[in-house]
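Have a look at the structure below before the remarks.
Whatever order the structure lists them in is the order used to number ligands and atoms, beginning at 1. Please read these numbers as outputs of a predicted model, since none were measured by experiment. Counting from 1, the numbers follow the sequence of the chain as shown.
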Amino acid sequence: MTQDELKAQVGQAAVDLVPEGAVIGVGTGSTVNHFIDALARAGRAVAGAVSSSDASSQRLRAHGIPVLEACAVQRLPVYVDGADEIDALGFMIKGGGAALTREKIVADLAERFVCIADQSKLVPVLGAFPLPVEVIPMAVAQLVRRFATLGGSATLREGVRTDNGLPILDVRGLSITDPLAMEAQVSQWPGVVTVGIFARHRASVCLLGTPEGVRRIDFAPL
Ligand code: 5RP
């Protein structure tokens with residue numbers, strides 16, 4: 001099976017985890033696109049979605065699924081999103097699609113984070129995928145120096161601005177052995193809007209696409 005077929009498989013499987021009639025959180029990326037399409041195909045009546053990007057909002061609306069502002073809801077039963085990497089505890093790197101800030105905001109509203117990913121995303125240690133960090137432009141040089149002290153090499157993502165109009169740094173060479181600690185540390189640096197480590201907002205469950213079928217991993221409380 002191709003990677004895209006594995007993504008389609010988990011996008012489809014995630015529909016079963018959506019409560020009928022609920023407002024749900026919807027993430028961003030090619031796996032989530034499969035999920036949105038499967039949700040529409042299934043005719044599963046959701047009341048609406050809070051979306052983490054303009055691209056997902058557009059796709060949801062094209063399927064006739066109402067898109068709500070985050071400030072219109074207090075709680076979401078479930079947030080469905082992909083990941084660039086996920087480890088055995090449900091900690092993730094996200095932001096390959098530059099939507100990390102809104103993704104963390106929507107994840108923060110959700111009771112459960114359902115991660116959908118093909119099997120290549122499951123890793124023993126986070127960090128082989130360059131860590132995305134959304135930043136304020138005037139802080140870029142100082143943040144590049146700060147990441148160097150952690151052993152990381154940070155470069156601006158060429159030609160990319162987020163939906164918030166801000167640049168992304170991609171940090172290579174990190175081995176993130178303590179995701180909670182690194183997320184807390186980097187989040188405090190002036191000029192960091194969002195770091196793409198999802199540790200405080202880790203996955204509750206992961207649907208992993210494999211050639212043998214969907215593998216479900218439930219993450220126990222820490
Ligand atoms: C976007 C993300 C995506 O969830 C992540 O990049 C995975 O994308 P894909 O489903 O296309 O592999 O974090 O900011």
Side-chain angles (χ1 to χ4, degrees), residues 1-15 17 24-39 49-60 70 78-87 90-108 110 112-123 126-135 156-172 174 176 179 183 186 192-210 214-215:
M1 286 174 87
T2 65
Q3 190 181 28
D4 194 58
E5 286 167 339
L6 296 177
K7 290 180 180 192
Q9 186 189 55
V10 289
Q12 178 68 51
V15 173
L17 303 186
I24 63 165
V26 174
T28 298
S30 55
T31 318
V32 165
N33 285 345
H34 284 298
F35 166 67
I36 295 172
D37 295 349
L39 193 62
V50 176
S51 157
S52 71
S53 65
D54 295 342
S56 290
S57 297
Q58 218 174 344
R59 199 175 192 98
L60 287 158
V78 67
Y79 175 56
V80 180
D81 199 358
D84 298 302
E85 287 184 343
I86 182 164
D87 73 10
F91 296 133
M92 295 170 285
I93 285 184
K94 292 186 45 53
L100 63 166
T101 297
R102 295 187 187 192
E103 289 173 342
K104 216 175 255 195
I105 292 168
V106 185
D108 192 54
R112 303 179 77 220
F113 189 133
V114 175
C115 175
I116 50 176
D118 68 87
Q119 62 180 6
S120 71
K121 307 292 184 72
L122 184 63
V123 297
L126 301 179
F129 188 91
L131 175 66
V133 188
E134 185 165 354
V135 298
L156 273 177
R157 198 179 294 181
E158 286 292 324
V160 171
R161 292 280 160 167
T162 67
D163 285 351
N164 310 307
L166 293 172
I168 296 265
L169 282 175
D170 288 309
V171 190
R172 292 174 173 78
L174 296 174
I176 307 174
E183 181 182 34
V186 173
V192 169
V193 176
T194 303
V195 59
I197 301 172
F198 281 56
R200 283 197 58 235
H201 298 88
R202 74 193 175 111
S204 321
V205 53
C206 179
L207 302 179
L208 206 63
T210 80
V214 175
R215 178 178 162 210

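Considering only heavy atoms from C-beta on, Val123 stays 4.5 Å or farther from Ile93 through its side chain. When side chains are defined from C-beta on, Leu6 does not count as touching Val10, because their heavy atoms never get closer than 4.5 Å.
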Take Val186 and Ile197, measure what side chain to side chain contact (heavy atoms under 4.5 Å, CB included) needs, and give me the verdict at the end. CA-CA 9 Å; Val186 173; Ile197 301 172; 5.6 Å; no
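Ion pairing of Arg59 with Asp37 is present here, as a side-chain N (NZ or NE/NH1/NH2) and a carboxylate O approach within less than 4.0 Å.
Side-chain N/O atoms of Thr2 and Asp4 include no donor and acceptor closer than 3.5 Å. Judged by distance alone, the side chains of Ser51 and Ser56 never bring a donor and an acceptor atom under 3.5 Å apart.
Sorted by chain then number, the residues whose non-hydrogen atoms approach ligand 1 to under 4.0 Å are Lys7, Thr28, Gly29, Ser30, Thr31, Asp81, Gly82, Ala83, Asp84, Lys94, Gly95, Gly96, Gly97, Ala98, Ala99, Glu103, Lys121.
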